Amino acid sequence: MNKENEPIHNEPILIGESQDIDQDSVENFEYEEIDYAIYHLKSGFFATQGHCSCDEQVFLNEGAIEDDELECASCGRTFSIVSGDSISDPEANPLIIYNVTEEEGKLFLNF
């Protein structure tokens, strides 16, 4: 799936080692000058755009995670990490989500 203003990749992009991301946490990942947020939940690994869609465009790795929801550190909106939907403000733009796969302890971002 190609997102506007993002490079087209045919091959998965190596994020890093799965053991390097603690469960119930979010890490920033930059590739070709684009930021992504990589999440490790009990149900697996997930990825979204790296910044909140609010005016401040805060890095999402500064937010708080509870279960499968993320709260933006700036605007306070909560989003589903799995679907990208805004939970607290249905009128807000959803987060762009990406597929993450794990192979032999390595995480890959798929477009």
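Being a predicted model, the structure only gives us computed values, none of them experimental. When a residue number appears, it is its place in the shown sequence, counting from 1.
- The two residues Phe29 and Leu14 come nearest to each other via the heavy atoms CZ-O, 3.5 Å.
- Note on Phe59 and Ile97: separate hydrophobic clusters, where clusters join Ile, Leu, Val, Met, Phe, Trp and Tyr whose side-chain heavy atoms are under 4.5 Å apart, directly or indirectly.
- In this view, Ser83 and Ser80, Asp85 satisfy the side chain to side chain donor-acceptor pair (under 3.5 Å) rule, not counting sequence neighbours.
- The closest donor-acceptor contact from the side chain of Gln49 to the backbone of Ile96 lies under 3.5 Å.
- Judged purely by atom type and a 3.5 angstrom limit, His40 has no side-chain atom pairing as donor or acceptor with the backbone of Asp24.
- Side-chain contact between Cys52 and Cys75 is present, with heavy atoms from C-beta onward closer than 4.5 Å.
- Thr48 and Leu60 get closest at one heavy-atom pair: OG1-CD1, 3.6 Å.
- The line from CD1 of Ile13 to CG of Leu109 is 7.0 Å long, rounded to the nearest 0.5 Å.
- Residues His51 and Leu95 approach most closely at O-CD2, 4.4 Å, considering heavy atoms.
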Next item on the list: Let me see the working for Glu102 and Ser18 under side chain to side chain donor-acceptor pair (under 3.5 Å), right down to the final yes or no.
Entry: CA-CA 7 Å; Glu102 182 179 12; Ser18 58; 2.9 Å; yes
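- Proximity of Ile15 to Phe108: side-chain heavy atoms (C-beta onward) are nowhere separated by under 4.5 Å.
- Annotation: Tyr98 is in aromatic contact with Tyr36 [ring centroid separation under 6.0 Å].
- We find the CD1-CD1 distance between Ile87 and Ile81 to be 8.5 Å, quoted to the nearest 0.5 Å.
- Two residues are said to be in side-chain contact when any heavy atoms from C-beta on lie closer than 4.5 Å; Tyr39 and Leu70 meet this criterion.
- Counting heavy atoms from C-beta outward, Glu71 and Glu66 have side chains that stay 4.5 Å or more apart.
- A search for salt bridge (charged side-chain N to carboxylate O under 4.0 Å, His left out) contacts involving Asp89 returns Arg77, not counting sequence neighbours.
- Residues Thr101 and Asn110 meet the side-chain proximity criterion, which asks for heavy atoms closer than 4.5 Å.
- By the 4.5 Å heavy-atom criterion applied to side chains, Leu41 and Phe46 are counted as neighbours.
- The closest donor-acceptor contact from the side chain of Ser86 to the backbone of Phe79 lies at 3.5 Å or more, if one exists at all.
- Taking both residues in full, the closest heavy atoms of Ile65 and Asp67 are given as CG2-O, 3.7 Å, listed atom of the first, atom of the second, then distance.
- Expressed to the nearest 0.5 Å, how far SG of Cys72 lies from CD of Glu56 amounts to 7.5 Å.
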